[in-house]
Amino acid sequence: MSDLVIAGRTFRSRLIVGTGKYPSHSIMRAAHEASGTDMVTVAVRRVDISRKTESLLDYIDTSKIFLLPNTAACYTADDAIRTARLGREAGMSNWVKLEVIGDEKTLFPDNEGLLEATRVLVKEGFIVLPYTNDDPVMCRKLADAGAAAVMPLGAPIGSGLGIQNPNNIRIIKEQATVPVIVDAGVGTASDAAVAMELGADGVLMNTAIAGAQDPVAMARAMKLAVEAGRLAFLAGRIPKKSYATASSPLQGVIGT
Amino acid sequence: MVRLVAQMTIRLNGDSHEIAGPLSISALLEQLEIDARRVAVELNMDVVKKSAYDSSVIKDGDEIEIVNFVGGG
């Protein structure tokens with residue numbers, strides 16, 4: 001199975017995993033290992049200067065796993081741009097998972113802010129991976145603005161609802177000039193497989209693994225689902241039909 | 001040469017702090033026992049390159065943000 005290539009960088013795994021909400025840092029590390037991922041997202045937040053806290057980075061082998069800083073919880077293009085610049089300096093890479101959120105309850109993206117921030121950051125030399133609506137027109141605009149990949153949501157962040165609009169994901173992939181990563185909404189392994197069967201180049205998830213009763217086991221399930229979905233997509237599924245087509249020969253049936 | 005040390009007020013991660021200054025960003029991070037390799041620093045809304053931590057001097061009234069990576073999706 002071929003590797004995932006984004007902006008000239010090769011990833012062996014098509015599964016991108018988050019680093020938030022795990023029961024512990026050591027469970028996170030074990031889940032990352034079980035998922036086979038080689039890219040994880042991280043958030044950029046103020047250092048707690050009142051007390052010493054354990055560093056997340058002590059639990060990520062950055063020689064094997066690429067860090068993708070996000071701009072989560074940014075509600076304006078300006079805040080997202082500022083956060084991306086800080087993430088670049090903290091992580092020493094120019095990649096960013098760009099989020100410009102438009103609504104607190106759904107965490108749906110703000111299209112205008114997202115496009116504006118994409119343009120600015122691309123101009124500044126960032127490799128921009130925008131988290132976007134499952135809207136083929138928006139995805140095209142983001143790619144035209146220089147996004148290195150587009151990351152349409154399957155469902156609201158953390159909802160676990162699965163791919164709500166499979167047809168849109170398929171259209172986005174058919175039209176895409178850049179890799180398509182389904183980001184957010186996966187609840188269980190079959191959701192990840194569906195995303196991959198639709199042709200997505202990869203899947204990004206956090207809560208589905210971190211929030212599972214056994215995050216490490218779920219991480220392995222997701223690894224297998226992403227691989228299975230990718231293989232099924234490449235294999236070319238049979239067309240859907242309303243009526244049966246017998247699998248066994250109709251000749252030589254006894255008693256006829 | 002006499003180096004003047006004065007008490008100054010800075011805004012650090014949103015909160016007001018009294019520190020003796022002027023001092024460099026490197027010196028501030030050292031005082032706070034923060035590993036400079038794992039953070040990013042903003043001085044008055046501009047990101048400061050790690051290579052400029054020694055030469056960037058914090059003055060009275062400056063606004064500083066020190067961030068690091070935490071878990072996220």
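This one's a predicted model, so the numbers in the text were calculated from it and none came from an experiment. Below, chains carry the letters A, B, ... as their sequence lines are ordered, and counting in each starts from 1.
With values rounded to the nearest 0.5 angstrom, B:Arg37 atom CZ is found 12.5 Å from A:Met92 atom CE. Separation of atoms CG (B:Asn68) and CG (A:Leu56) is listed at 8.5 Å; rounding is to 0.5 Å. Between the CG atom of A:Leu86 and the CD atom of B:Glu65 there is a distance of 8.0 Å, given to the nearest 0.5 Å. Rounding to the nearest 0.5 Å gives a distance of 4.0 Å between CD of B:Glu42 and CZ of A:Arg82.
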Apply side chain to side chain contact (heavy atoms under 4.5 Å, CB included) to A:Ile49 and B:His17, showing your working.
CA-CA 11 Å; A:Ile49 51 178; B:His17 284 260; 3.7 Å; yes
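No donor-acceptor pair under 3.5 Å is formed between the side chain of B:Asn13 and the backbone N or O of A:Asp48. Under a 3.5 Å cut-off, the side chain of A:Glu89 and the backbone N or O of B:Lys50 do form a donor-acceptor pair.
Contact record, A:Ser55 with B:Arg38: OG-NH1, 3.2 Å, taken as the closest heavy-atom pair. In terms of heavy atoms, B:Gly72 sits closest to A:Thr41 at O-OG1, 3.0 Å. Here the closest heavy-atom approach between residue B:Gly71 and residue A:Ala43 is recorded as O-CB, 3.9 Å. Closest heavy-atom contact between B:Val70 and A:Thr19: O-OG1, 3.9 Å.
Counted within 6.0 Å of CD on A:Gln164, heavy atoms from surrounding residues, nucleotides or ligands total more than 12; the atom is thus considered enclosed. Within a 6.0 Å radius of CD in B:Glu33, no more than 12 heavy atoms belonging to other residues, nucleotides or ligands are found. For A:Gln213, the CD atom is loosely surrounded, since the number of other residues' heavy atoms within 6.0 Å does not exceed 12.
Neither the backbone nor the side chain of A:Met28 comes within contact range of chain B; no heavy atoms are under 4.5 Å apart. For A:Asp58, the parts lying under 4.5 angstrom from a heavy atom of chain B are both the backbone and the side chain. Contact annotation for A:Lys21: neither backbone nor side-chain heavy atoms come within less than 4.5 Å of a heavy atom of chain B.
Put simply, of A:Leu67, A:Val47, A:Asn206, the one with the most heavy-atom pairs under 4.5 Å next to chain B is A:Val47. Of the listed residues (B:Ala40, B:Gly73, B:Ala36), the one with the most heavy-atom contacts under 4.5 Å to chain A is B:Gly73.
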